[in-house]
**Q** 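A single structure is presented below for examination.
For clarity, every value in this text was computed on a predicted model and none was experimentally measured. Below, chain A is the first sequence line, B the second, and so on; all start at residue 1.
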Amino acid sequence: MKIERLDKYMWRIPREGKMRVDAIVFTDAESVDDPQFREAMKQLMNVATLPGIVKYALAMPDIHWGYGFPIGGVAAFDAKDGIISPGGVGFDINCGVRLMKTDLTYEDVRDRLRAIVEAIYETVPAGVGARGDIVLGKKGLRKVLVEGAEWAVKAGYGLEEDLERIEDGGKIHPADPNYVSEEAFERGSDELGTLGAGNHFIEVQMVEEIYDRDLAEFFGLEVGTITIMIHSGSRGFGHQVATDYIRLMRDRLKEHNRDLPDKQLINAPFEHPLGQAYYSAMNCAANYAFANREILGHLVRKAFWKVFGKDTRVELIYDVAHNIAKVEEYEIDGKRKKLVVHRKGATRSLGPGNEKVPEIYREVGQPVIIPGDMGTASYLLIGTRKAEEKTFGSTAHGAGRVLGRSAALKRWSYREILDELERKNIIVMSKSKKTLVEEAPEAYKDVDRVVHIVHEIGISRKIARMVPLGVVKG
DNA sequence: ATGTCC
């Protein structure tokens, strides 16, 4: 594979073979020689062969191997003659993360940390197949799929003021539940307000460092401020939507998908009825995930009220999607074009003045939230115009795995991971010992390095760094 | 990520 260095953190794999565009990756020199990085780059080169891809196939510094498309990848396709692909979104549709801030400081919580972690653990259902308190019939669930986070607020699981602090207001359209299978309805009926497993988590954090004083003040953050981060997605519902449409595209679009370099890149022309059906069903799953995180946020709020009193303020800063495809307009060769922007393990990063940024934040730009893995730091950043120009308004989404789940299980024991977190003074409660080992901090790339790169390139800028005090996992 | 295999 030919890889050219364009800049300190920018690399290019020039178009070759069936590639329609170059592949561009933002990372440091250290990563480029890594064999696992090369595997992910091969996937990015495959993405560059897909019909209608515009400008280049992009990878963020947290790139790693995924289903068909690499995780940490961004690919934009012309809405007229391009495609949409479930593998370019990921199985956990609208997996994402939200950051909330409290009016508490480290001094206020230090003696009751165990109590708040336990309260969250008891309030939030977690783990594979966990069921929530909300059980919906088909009619009820249809409303969730159309209304997203707004449904949660109406049902008493959230505050009205939360809604403008969620990407796209927590409600994306078109989202027609008629394109969603019975099986997805069944799986989704009792999983609202549940955390899930794997890398999903709820963390109680503390602001440890401020990089931009003005913006930190704008968001009400100081060193010592207690924040909460929630990482979850669309649970079994989104997984089923992805499975359904991968199968449908495989069965009904055989000719269109005949020459794929990898079967996992299965896709539909965006304008084809099946492409439109997936788009709508995917948006239903995105709304399910927005509702889910809104409910989780409110359950955590209740846990804080229980431990620290009902007058404790727990305010949402922002909630972002990092597995999604969206129709957005960008200027291509001097013309504005409608593109289907696939962000798979990538965060939208819009700059100041962009009309898609809610009014309350428009003057500064869109908040970007980049979580670390369990037991490491997380960041609040701000979106930039440079991202709109260079990366279809995108930046990184997190640390990125460097070690597979089964390899992690072979390498470490449950006790070792617990001890490691204890040494860092982090309280951890997990439903599954296995999950905890799979999510060992050392199984992930260093999030500080990832964030440093996106900040240096200028596709998002650092505001604050948070460190975990307590973690709840599935 | 996932009722962790149809």
**Q** Answer yes or no: are there more than 12 heavy-atom neighbours, outside A:Asp448 itself, under 6.0 Å from its atom CG?
**A**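 Above 12, so yes.
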**Q** How long is the line joining NE2 of A:His231 and C1' of B:dT2, in whole Å?
**A**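 My rounded result for the distance is 14 Å.
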**Q** Within this structure, what is the CD-to-P distance between A:Gln240 and B:dT4, rounded to whole angstrom?
**A**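 In whole Å, B:dT4 P lies 12 Å from A:Gln240 CD.
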**Q** Could you check A:Arg247 against A:Glu439 and say which one's nearest nucleotide on DNA chain B is further toward the 5' end?
**A**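 The residue whose closest nucleotide sits nearer the 5' end is A:Glu439.
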**Q** Using a cut-off of 4.0 Å on non-hydrogen atoms, how would the nucleic acid contact of A:Gly90 be classed: base, sugar-phosphate, or nothing?
**A**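 No contact.
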**Q** Just the rounded figure in Å: distance from P of B:dT4 to CZ of A:Arg235.
**A**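 To the nearest whole Å, that distance equals 12 Å.
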**Q** Which whole-number value in Å describes the distance from A:Ile246 CD1 to B:dC6 P?
**A**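 Going from CD1 in A:Ile246 over to P in B:dC6 covers 13 Å.
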**Q** When you get a sec, tell me which of B:dT4, B:dC6, B:dT2 is the closest nucleotide to the side chain of A:Lys434?
**A**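 Selected nucleotide: B:dT4.
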**Q** When the ring planes of A:Phe69 and A:His342 are compared, do they come out parallel, tilted or perpendicular, using 30° and 60° as the limits?
**A**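 Correct class here is parallel.
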**Q** Taking atom P of B:dT2 as reference, at what distance in whole Å does atom CD of A:Glu186 sit?
**A**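 Atom-to-atom, A:Glu186 to B:dT2, this comes out as 19 Å.
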**Q** Determine the contact category for A:Gly233: base if any of its heavy atoms lies under 4.0 Å from a base atom, sugar-phosphate if only primed atoms, P, OP1 or OP2 are that close, otherwise nothing.
**A**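 Nothing, no nucleic acid heavy atom in range.
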**Q** Any salt bridge linking A:Glu328 with A:Lys338? Criterion: basic side-chain nitrogen under 4.0 Å from a carboxylate oxygen.
**A**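 Looking at A:Lys338 together with A:Glu328, the answer is no, because their closest N to O distance does not fall below 4.0 Å.
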**Q** What is the distance from CZ of A:Arg131 to C1' of B:dT2, rounded to the nearest Å?
**A**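 My rounded result for the distance is 16 Å.
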**Q** Give A:Ala197 one of three labels, base, sugar-phosphate or nothing, depending on what nucleic acid heavy atoms sit under 4.0 Å from its own.
**A**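 Sugar-phosphate contact only.
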**Q** Kindly write out the residues that satisfy side chain to side chain donor-acceptor pair (under 3.5 Å) with A:Ser349, not counting sequence neighbours, or none if the list is empty.
**A**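 In terms of side chain to side chain donor-acceptor pair (under 3.5 Å), with neighbours along the sequence ignored, A:Ser349 is linked to no residue.
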**Q** Remember a base hit wins even if backbone is also touched, and classify A:Glu438 as base, sugar-phosphate or nothing at under 4.0 Å, heavy atoms.
**A**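 Since no nucleic acid heavy atom lies under 4.0 Å of A:Glu438, the category is nothing.
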**Q** Could you check how far CG of A:Asp190 sits from P of B:dT2, rounded to whole Å?
**A**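 In whole Å, B:dT2 P lies 14 Å from A:Asp190 CG.
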**Q** Report the residues that fulfil side chain to side chain donor-acceptor pair (under 3.5 Å) with A:Thr243, sequence neighbours left out, ordered by chain and then residue number.
**A**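 Checked A:Thr243 against side chain to side chain donor-acceptor pair (under 3.5 Å); zero matches.
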**Q** Separation of A:Asp92 atom CG from B:dT2 atom C1', in whole Å?
**A**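 Going from CG in A:Asp92 over to C1' in B:dT2 covers 9 Å.
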